[in-house]
Amino acid sequence: MATTPTRAVRFDSYGGPEVLYVTDVERPVPSAGEVLVEVRAAGINPGEAGIRTGALHDRFPATFPSGEGSDLAGVVVEVGDGVSEFAVGDEVLGFSFQRSSHATHTTVPVDQLIHKPAQLPWEVAGSLYVVGATAYAAVNAVAPQRGETVAVSAAAGGVGSLVVQLLAQRGVRVLGIASSNNADWLGAHGVELVEYGDGLAERLRHAAPDGVDAFIDLFGPEYVELAVDLGVPTERINTIISFDKAAEVGAKTEGSAEASTPAVLQEIADLIASGAVEFDVAKTYPLDRVVDAFVELERRHTHGKIVLLPQQTD
């Protein structure tokens, strides 16, 4: 019997957002221990752009034609053999390691899913995994202690907005490096803005005359170098993006891989569902506008997540 086609994002070569396209593919069939999810929302992330351009080829090579996407939330529409944790009709959120969530349907192992809290809108639930796991791991990597001062680059971005809130919950003084446009949001969440740009090192020294205890880089290698120049111990510098610079100076590179568990995802989802942590969605796009979504993402000035809604049409 013929299977029902589904729609999925693909790219056939490394390049800019323009290499992305949406095409019909065969509807996946869940193997033992998997479920088939009708995807209602799927976040997009800078790491996916890095994979697509080839910038991360040494760490995460692509095989063409390649799919993409890790974050997802949706409804279970079919279960594989041996699955008892979820049933058809269950609302779930989770993650894919197969670069497959930017699609109308994808199969997911049951140990990469949790039940979606009813309080979470689809667009929030579908964009939690990468930023949630990354923020959780990045904070834990620098071992923040109550009363310490921690600086965070790209503090108002998708990951940064969670990082600063998790730090604030631990009683940490947070210096958020961002543009002045984000001053109100950061201030409302207990974060002191330190505006990026020329003279940043001097502004940080002025804000923390007794020194910065730890530094979380979410933007680029210049911030890892800055942290070293500020005298932050390298074991308390963590970057989620500047792998070469981290290796050069001895900084950490802990991110989503260190926190990719249902338990962590459940903890983050519960914090957001309860209102203890705020999670912002900047903009949503239908799947067919995936190119526009990544163009917006790669401007790198968005506060909050950009999310694909695969069941939505223009």
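All residue numbers refer to positions in the sequence shown, counting from 1.
With rounding to the nearest 0.5 Å, the separation of OG1 in T253 from CZ in F243 is 6.0 Å. Here the CG atom belonging to N181 is positioned 11.0 Å from the CG atom belonging to L186, to the nearest 0.5 angstrom. In this structure, the separation between CG on L200 and CZ on R205 is 9.5 Å, given to the nearest 0.5 Å. In this structure, CD1 in I216 is found 9.5 Å from CD1 in I240, a value given to the nearest 0.5 Å. With rounding to the nearest 0.5 angstrom, the CZ atom of R299 is 9.0 Å from the CD1 atom of I306. With rounding to the nearest 0.5 Å, the separation of CG in L226 from CG in L230 is 4.5 Å.
S242 places a side-chain N or O within 3.5 Å of a backbone atom of G220 that can act as its donor or acceptor partner. Panel note: side chain E48, backbone N45; a donor-acceptor pair is recorded below 3.5 Å. Using a distance-only test at 3.5 Å, with no hydrogens or angles considered, a donor-acceptor pair links the side chain of E34 to the main chain of S31. In this structure, the side chain of K305 engages the main chain of I44 through a donor-acceptor pair within 3.5 Å. The closest donor-acceptor contact from the side chain of Q311 to the backbone of T104 lies under 3.5 Å. Listed for the E225 side chain is no donor-acceptor partner under 3.5 Å among the backbone atoms of P221. Between the side chain of T134 and the backbone N or O of V130 there is at least one donor-acceptor pair closer than 3.5 Å. Between the side chain of E258 and the backbone N or O of G255, at least one donor-acceptor pair lies under 3.5 Å.
The nearest pair of heavy atoms linking S13 to V19 is O-CG2, 3.6 Å. Of all the heavy atoms in A178 and L193, the pair that sits closest is O-CD1, 3.5 Å. In terms of heavy-atom proximity, L297 sits nearest to P46 at CD2-N, 3.8 Å. Minimum heavy-atom separation, P61 to R99: O-NH1, 3.0 Å. Contact detail for L20 and V9: the closest heavy-atom pair is CD2-CG1, 4.0 Å. Of all non-hydrogen atoms in S101 and T106, the two that sit nearest each other are CA-CG2, 4.4 Å.
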Item to complete: Let me see the working for V142 and I237 under side chain to side chain contact (heavy atoms under 4.5 Å, CB included), right down to the final yes or no.
Response: CA-CA 6 Å; V142 301; I237 302 170; over 6 Å; no
Item to complete: Let me see the working for K245 and Y223 under side chain to side chain contact (heavy atoms under 4.5 Å, CB included), right down to the final yes or no.
Response: CA-CA 10 Å; K245 179 58 73 172; Y223 289 103; over 6 Å; no
Worksheet item: After noting the C-alpha distance and the side-chain angles of R203 and E195, does the key distance pass the salt bridge (charged side-chain N to carboxylate O under 4.0 Å, His left out) rule?
Response: CA-CA 8 Å; R203 288 191 291 277; E195 193 167 358; 5.9 Å; no
Discussion item. Please determine whether salt bridge (charged side-chain N to carboxylate O under 4.0 Å, His left out) holds for the pair R236 and E148, giving the CA-CA distance in whole Å, both sets of side-chain angles, and the decisive distance to 0.1 Å.
Written reply: CA-CA 12 Å; R236 302 200 67 193; E148 290 188 325; 2.7 Å; yes
Practice prompt. Apply side chain to side chain contact (heavy atoms under 4.5 Å, CB included) to the pair V75 and D90, showing each step before the final yes or no.
Written response: CA-CA 6 Å; V75 178; D90 283 355; over 6 Å; no
Worksheet entry | side chain to side chain contact (heavy atoms under 4.5 Å, CB included) between D24 and T6, intermediate numbers included | CA-CA 5 Å; D24 288 343; T6 188; over 6 Å; no
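In this structure, the side chains of E192 and R173 come closer than 4.5 Å at one or more pairs of heavy atoms. Contact check for L308 versus T284: no side-chain heavy atoms found under the 4.5 Å cut-off. A 4.5 Å side-chain heavy-atom check between V152 and L218 finds at least one atom pair inside the cut-off. Between L166 and L271 the shortest side-chain heavy-atom distance falls below 4.5 Å. A heavy-atom distance below 4.5 Å is found between the side chains of Y21 and D12. When side chains are defined from C-beta on, V29 counts as touching E78, because their heavy atoms get closer than 4.5 Å. Looking at heavy atoms from C-beta onward, D292 lies in side-chain contact with Y285 at the 4.5 angstrom threshold. Residues P262 and Q266 have side chains not in contact (no heavy-atom distance under 4.5 Å, counting atoms from C-beta outward).
Neither side chain, D217 nor N238, offers a donor N or O lying under 3.5 Å from an acceptor on the other. A side-chain donor-acceptor contact under 3.5 Å links E278 and W185. For the residue pair S100 / S96, a side-chain donor-acceptor distance below 3.5 Å is found, with atom types taken as modelled. One side chain, Y129 or S260, offers a donor N or O that lies under 3.5 Å from an acceptor on the other.
Using a 4.5 Å cut-off between side-chain heavy atoms of Ile, Leu, Val, Met, Phe, Trp and Tyr, with links allowed through other members, V77 and V110 fall into different hydrophobic clusters. Under the 4.5 Å side-chain heavy-atom criterion for grouping Ile, Leu, Val, Met, Phe, Trp and Tyr, V150 is not connected to V232 through any hydrophobic cluster. F219 and V164 fall into different hydrophobic clusters, where Ile, Leu, Val, Met, Phe, Trp and Tyr side chains are chained together by heavy-atom contacts under 4.5 Å. In the hydrophobic clustering of ILVMFWY residues, with side-chain heavy atoms under 4.5 Å counting as a link, V307 and L128 come out together. In the hydrophobic clustering of this structure, L113 does not group with L120; members are Ile, Leu, Val, Met, Phe, Trp, Tyr whose side-chain heavy atoms approach within less than 4.5 Å, directly or through other members.
Judged by the 6.0 Å and 45° rule, R52 forms a cation-pi pair with F294.
Each of E68, R7, R10 was compared with H102 under the side-chain hydrogen bond (donor to acceptor under 3.5 Å, both in side chains) criterion, and only E68 meets it. Results of the side chain to side chain contact (heavy atoms under 4.5 Å, CB included) test with L36 over T107, V108, V79 single out T107 as the only residue that passes.
The distance between the ring centers of F64 and Y14 falls below 6.0 angstrom.
Within a 6.0 Å radius of CD in E38, other residues, nucleotides and ligands contribute more than 12 heavy atoms.
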